[in-house]
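What follows is one structure encoded as structure tokens, with my remarks underneath.
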Amino acid sequence: MTRYNFKQSETSWQATWRERNVFGVAADPSRPKYYVLEMFPYPSGRIHMGHVRNYTLGDVVARYKRACGYNVLHPMGWDAFGLPAENAAIERGTSPAEWTYGNIATMRRQLQSMGLSIDWAREIATCHPGYYRHQQAMFLAFLRDGLAYRRESWVNWDPVDNTVLANEQVIDGRGWRSGALIERRKLSQWFLRITADAQALLDDLAILDRWPERVRLMQQNWIGRSEGARIRFVVEGQSEPLEVFTTRHDTLFGASFCAISPNHPLATALAADNADLAAFIAECSRLGTSEEAIETAEKRGFDTGLRARHPFVAGQSLPIYVANFVLMDYGTGAIFGCPAHDQRDLDFARKYDLAVLPVILPEGVDAADFLAGPGIGDEAYVGNGTLINSAFLDGMGVDEAKAEVARRLGEAGLGEVAVTYRLRDWGISRQRYWGCPIPVIHCATCGIVPVPEDELPVVLPDDVRFDTPGNPLADHPSWKHVACPTCGGEARRETDTMDTFVDSSWYYARYCSPRADEPVDRGEADYWLPVDQYIGGIEHAILHLLYSRFFARAMVRAGYLGVEEPFSGLFTQGMVCHETYKDEEGKWLFPDEVARTANGVVHARTGAPVSVGRSESMSKSKRNVVDPEAIIATYGADTARLFMMSDSPPERDLEWTDAGVEGAWRYVNRLWRIIADNTLPLAAVGADAGSGAGETGAALAILRETHRTVARVTDDLEKFGFNRAVARLRELTNALADFDASDASAARARRLSFTVLVKLIGPVMPHLAEALWQKLGNDGLLVDQPWPVADPAYLVDDTVRLGVQVNGKLRGTIEIAAGGDEETSRAAALALPGVINALNGRPPRKVVVVPNRIVNVVV
RNA sequence: GCCCGCUUGGCGAAAUCGGCAGACGCAACGGACUUAAAAUCCGUAUCCCGACACGGGAGUGGGGGUUCGAGUCCCCCAGCGGGCACCA
């Protein structure tokens with residue numbers, strides 16, 4: 001008995017694939033293409049189990065499609081810009097570039113040890129000038145097209161670290177690192193006009209039929225189209241009208257107040273000489289912005305004393321409040337409130353004692369009863385109905401009333417129908433060093449001047465310091481000083497760099513022609529794009545995927561690409577989880593610090609008791625991590641890959657267990673023993689060709705099992721049912737282990753079944769498959785073999801076994817000839833002892849016979 | 001609070017179109033092999049009643065419904081997980 005030497009095997013097959021450049025691909029219009037892409041990793045240091053799962057999934061798809069005859073593009077690269085590199089520089093004094101490229105080298109080696117079918121010649125790193133120079137060129141194209149622009153916007157400013165913070169870096173109003181109170185500050189920033197494509201991005205979700213429904217829904221909600229009306233209220237004593245957006249203009253006669261955002265220009269203006277209002281606004285800006293916090297938070301307002309004239313009721317005016325629940329970024333930053341028909345408005349009205357006038361009569365309620373009743377209590381009526389208390393709208397339905405209001409507002413020049421989106425323009429400015437420099441120059445006389453194309457890339461300087469707070473680029477002594485390309489005068493480079501989501505918004509296109517002198521080679525991109533199967537985590541459901549969809553559109557406009565939807569298929573995988581452990585002091589423990597003994601779970605070294613927590617997504621902070629490199633060193637890549645594909649459906653979370661890995665390891669060795677150590681008769685290579693026919697008994701049974709397995713595994717792989725496919729493979733393996741017939745037809749059947757099984761495991765366990773392919777005496781590489789095809793002749797059985805029910809309850813089974821008539825089934829079913837027993841002398845009222853499925857006797 | 005998802009043996013799960021619930025694996029138990037252990041192989045395994053066998057009953061989070069037949073479809077409820085934008 002020989003033991004499978006995975007170390008030697010995996011190293012040598014990887015070397016063979018590399019030497020023969022098996023996975024190097026080129027565009028070939030004569031062949032169908034298939035582009036498999038997993039979300040590229042951030043080079044954080046070492047790969048984690050989430051990567052192993054993600055890249056195994058993609059590799060199985062890539063290898064399977066390759067075997068099916070597709071010209072498969074399967075590239076890899078690095079999302080290499082970002083804050084962690086700067087944090088490492090601050091904490092350890094290493095330069096971001098050094099740290100990043102070091103991490104890339106480690107992670108590339110680790111990924112290569114997994115045996116992935118990647119064309120490494122196409123590797124890219126977004127921090128390389130060869131990549132970001134093209135990003136700069138595209139930025140300039142977008143600037144010309146009016147898609148990139150500059151405006152002021154509010155940011156969280158940390159006055160100690162001298163830097164802008166993300167929302168998640170602001171904890172209880174203080175900076176995460178400095179602990180300083182955060183200020184809201186207005187900064188001039190660069191934006192990409194994604195809102196121009198809001199409708200297209202929404203509409204085209206419909207054609208992404210190979211995306212998870214859930215992701216499409218999330219994007220739809222994020223874009224958030226709402227149809228309504230803009231209404232301009234005349235403000236008494238002011239020249240400027242107050243413009244309001246509403247979706248319920250039908251309830252205009254029920255309006256009892258207007259409210260504006262604390263950030264509304266009118267609020268800012270009024271606060272200038274109203275200290276109380278200024279204090280209220282300051283308080284609002286300290287309030288959390290999460291929906292959950294707000295929902296439970298008290299609705300508060302500040303009466304400005306200003307009054308807005310009702311557009312249709314002469315002499316009536318509405319108080320204008322500054323309110324903590326009105327957002328500046330949505331609509332016009334101002335609303336009118338109709339308390340009877342909006343819960344939030346009702347809460348507000350009750351608090352400030354404002355009128356609550358119902359203007360919608362609920363469906364099916366008598367008008368007289370309703371008006372005589374208690375009116376609106378603590379619950380607003382938000383449903384459909386008939387307009388009341390609304391002058392010329394009375395008697396109309398909601399939609400009709402909306403149309404009428406819009407028409408009359410239009411006539412009076414006080415408003416019109418409007419559509420707004422929740423989606424906001426994409427702010428790409430970052431006051432950071434380790435990112436793609438924005439290629440513009442600020443000149444006192446010429447304004448914003450693009451860096452001339454022939455001067456690209458604007459390269460990041462190497463000699464920056466991280467020992468002082470603030471943006472190292474802005475603090476660099478010489479980098480930003482430059483002559484204006486237009487007038488030659490003294491000018492200053494833009495020191496903002498781009499959001500790293502920009503880097504990842506077009507990398508899929510760059511892979512098509514990774515060394516081209518332009519961002520993308522159109523010929524290559526037109527052949528390879530779109531990505532046929534994109535695979536990654538659900539955490540990127542909105543931002544990354546939406547930005548990429550927008551970016552592709554922008555690139556199409558600028559002539560770089562021909563496809564607007566970059567990913568025709570998307571799969572979102574679940575997380576890798578592990579139990580959590582804590583010692584007696586409540587400190588997290590690594591799994592390998594924990595031992596299971598007769599006394600329960602204890603600390604491996606000290607023997608002290610350990611409390612076991614629930615399984616959670618692997619994270620460094622909770623220490624419930626298992627290092628892929630250690631697993632691959634102990635069990636090999638094929639075992640790790642098999643475990644990733646077994647048991648759990650890929651879209652669900654996967655529970656990492658040592659026992660599960662051991663199980664996968666046992667299967668790898670069992671396969672090796674059954675095939676490589678086989679001593680039973682085995683026909684010569686090639687002797688299994690052609691449809692045999694005439695087999696009987698065990699040989700026929702095993703051939704049927706084999707062909708059925710081919711059909712089912714193929715179907716499972718097409719549908720991402722990898723756990724099912726693995727179960728099918730194990731079933732065939734079990735059948736082959738029991739198959740001990742030794743005549744000539746058994747020898748042929750064995751040859752065919754072994755060959756097929758080895759081909760079927762290829763995508764999941766590529767090294768073992770190559771080793772077994774060779775062991776079976778075949779020439780060439782398994783990776784070059786076509787995917788097996790099931791012979792339909794073996795997929796049909798002579799007989800079928802039917803369940804027989806009495807009143808829906810199983811009482812026995814019958815075996816009848818396939819395609820037999822109903823009468824035979826009925827007679828056989830009624831003759832079953834179990835059925836006779838259950839009938840207990842009663843005559844059957846009805847017998848339902850579903851051919852090849854079931855017989856149900858009804859009494 | 002709103003939106004989305006999930007809930008099947010001790011555990012991960014399968015059941016693809018409404019048709020024999022629990023395939024496949026993990027853990028467990030019994031046996032073979034071994035001086036012994038590991039590895040391997042064979043077997044048992046949803047629960048309850050039944051000494052065994054034969055058999056019977058219950059069973060897919062809970063309650064109701066549609067159907068000859070429901071894990072699957074419909075309604076209500078509960079629990080768990082995730083997301084969140086005060087969206088006018």
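This structure is a prediction, so every number in the text was calculated from the model and none was measured. In the text below, chain A, chain B and the rest are named by the order of the sequence lines, each starting its count at 1.
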Quiz item: How would you list all residue pairs meeting salt bridge (charged side-chain N to carboxylate O under 4.0 Å, His left out) that involve residues 845-859 of chain A, not counting sequence neighbours?
Solution: none

Quiz item: Which is true for A:Asn807 with a 4.0 Å heavy-atom rule: it touches a base, it touches only sugar-phosphate, or it touches nothing?
Solution: nothing

Exercise. Could you tell me whether the phosphate oxygens of B:G83, OP1 or OP2, come under 4.0 Å of any side-chain nitrogen or oxygen in A:Arg214?
Key: no

Quiz item: For A:Arg422, what residues pass the salt bridge (charged side-chain N to carboxylate O under 4.0 Å, His left out) criterion, not counting sequence neighbours?
Solution: none

Quiz prompt | 5' priority, RNA chain B, between A:Arg344 and A:Met575 [closest heavy atom] | solution = A:Met575

Quiz item: Is the closest side-chain donor-acceptor distance between A:Asn624 and A:Thr580 under 3.5 Å?
Solution: no

Exercise. Check whether the ring centres of A:Phe336 and A:Phe257 lie less than 6.0 Å apart, and answer yes or no.
Key: no

Exercise. Would you indicate what A:Asn837 reaches in the nucleic acid, counting non-hydrogen atoms under 4.0 angstrom: base, sugar-phosphate, or nothing?
Key: nothing

Quiz item: Base, sugar-phosphate, or nothing: which does A:Ser648 touch, judged by heavy atoms less than 4.0 Å apart?
Solution: sugar-phosphate

Every protein N/O lying under 3.5 Å from an N/O of nucleotides 41-47 of chain B:
unit_1, atom_1, unit_2, atom_2, d
B:C41, OP1, A:Arg670, NE, 3.1

Practice problem: Mind checking salt bridge (charged side-chain N to carboxylate O under 4.0 Å, His left out) for A:Arg232 and listing every partner two or more places apart, or none if nothing turns up? | Solution: A:Glu243, A:Glu416

Exercise. Measure up the A:His310 and A:Phe253 rings against each other and bin them: parallel (under 30°), tilted (30 to 60°), perpendicular (over 60°).
Key: tilted

Exercise. Establish, from distance only, whether the side-chain atoms of A:Ser226 and A:Tyr421 form a donor-acceptor pair under 3.5 Å.
Key: no

Quiz item: For atom C1', what is the distance between B:A70 and B:G82, given to the nearest Å?
Solution: 29 Å

Quiz item: According to a 3.5 Å limit on both distances, what stems of 3 or more consecutive Watson-Crick or G-U pairs are formed with RNA chain B?
Solution: B:1-7 with B:78-84, B:10-12 with B:24-26, B:28-32 with B:40-44, B:46-49 with B:55-58, B:61-65 with B:73-77

Quiz item: Hey, is the side chain of A:Arg422 pairing donor to acceptor with the base of B:A85 inside 3.5 Å?
Solution: yes

Practice problem: Please lay out, stage by stage, how A:Phe191 and A:Trp426 fare under the test ring pair (Phe, Tyr, Trp, His ring centres under 6.0 Å). | Solution: CA-CA 5 Å; A:Phe191 285 82; A:Trp426 175 12; over 10 Å; no

Quiz item: Reading nucleotides 60-66 of chain B from the 5' end, what letters show protein touch, with B for base, S for backbone sugar-phosphate only, - for no heavy atom under 4.0 Å?
Solution: -------

Practice problem: Determine whether the aromatic ring centres of A:Phe643 and A:Trp656 lie less than 6.0 Å apart. | Solution: yes

Listed pairs, N/O of protein and of nucleotides 26-29 of chain B, under 3.5 Å:
unit_1, atom_1, unit_2, atom_2, d
B:C26, OP1, A:Arg666, NH2, 2.8
B:A27, OP2, A:Arg666, NH2, 3.2

Quiz item: So which of residues 845-859 of chain A are in contact with RNA chain B, with a heavy-atom cut-off of under 4.0 Å?
Solution: A:Val848, A:Val850, A:Arg853, A:Ile854, A:Asn856, A:Val858

Quiz item: Across the strands shown, which category fits A:Arg424 at heavy-atom distances under 4.0 angstrom: base, sugar-phosphate, nothing?
Solution: base

Self-check item: Interatomic distance, A:Leu546 atom CG to A:Gln219 atom CD [nearest 0.5 angstrom]
Solution: 4.5 Å

Exercise. Tell me, please, which residues at least two apart from A:Arg826 pass side chain to side chain donor-acceptor pair (under 3.5 Å).
Key: A:Glu823

Quiz item: Taking only residues at least two apart or on different chains, which pairs with a member in residues 716-730 of chain A satisfy salt bridge (charged side-chain N to carboxylate O under 4.0 Å, His left out)?
Solution: A:Lys65-A:Glu718, A:Asp715-A:Lys719, A:Asp716-A:Arg724, A:Arg728-A:Glu731

Exercise. Give, for atom CZ of A:Phe245 and atom OG1 of A:Thr420, the distance between the pair rounded to the nearest 0.5 Å.
Key: 3.5 Å

Self-check item: Those residues that, when tested against A:Asp638, pass salt bridge (charged side-chain N to carboxylate O under 4.0 Å, His left out) (two or more places apart)
Solution: none

Self-check item: Whole-Å distance separating the CZ atom of A:Arg728 from the C1' atom of B:C24
Solution: 7 Å

Practice problem: For A:Gln805, answer base if it contacts any base atom (sugar-phosphate contacts may also be present), sugar-phosphate if it contacts only those atoms, and nothing otherwise; contact means non-hydrogen atoms under 4.0 Å. | Solution: base

Quiz item: Is B:C41 in the syn range, within 90° of 0, or in the anti range?
Solution: anti

Practice problem: Sorted by first residue and then second, give each salt bridge (charged side-chain N to carboxylate O under 4.0 Å, His left out) pair with at least one member in residues 213-225 of chain A; sequence neighbours left out. | Solution: A:Glu213-A:Arg216, A:Arg225-A:Glu227

Quiz item: RNA chain B: A:Leu327 or A:Ile538, which has the more 5' nearest nucleotide?
Solution: A:Ile538

Quiz item: Using a cut-off of 4.0 Å on non-hydrogen atoms, how would the nucleic acid contact of A:Lys719 be classed: base, sugar-phosphate, or nothing?
Solution: base

Self-check item: Interatomic distance at P, B:G18 relative to B:C24, whole Å
Solution: 25 Å

Quiz item: When the distance from CH2 of A:Trp222 to P of B:A85 is rounded to whole Å, what number comes out?
Solution: 6 Å

Quiz item: Mind checking whether A:Tyr321 and A:Tyr352 have ring centres under 6.0 Å apart?
Solution: yes

Exercise. Rounded to whole angstrom, note down the C1' distance from B:G55 over to B:C4.
Key: 47 Å

Quiz item: If we take the P atom in both B:A15 and B:C68, what is their distance in whole Å?
Solution: 27 Å

Exercise. Specify the glycosidic conformation (syn or anti) of B:G5, with syn defined as within 90° of 0.
Key: anti

Practice problem: Take the angle between the ring planes of A:Trp672 and A:Tyr4 and call it parallel below 30°, perpendicular above 60°, tilted in between. | Solution: tilted

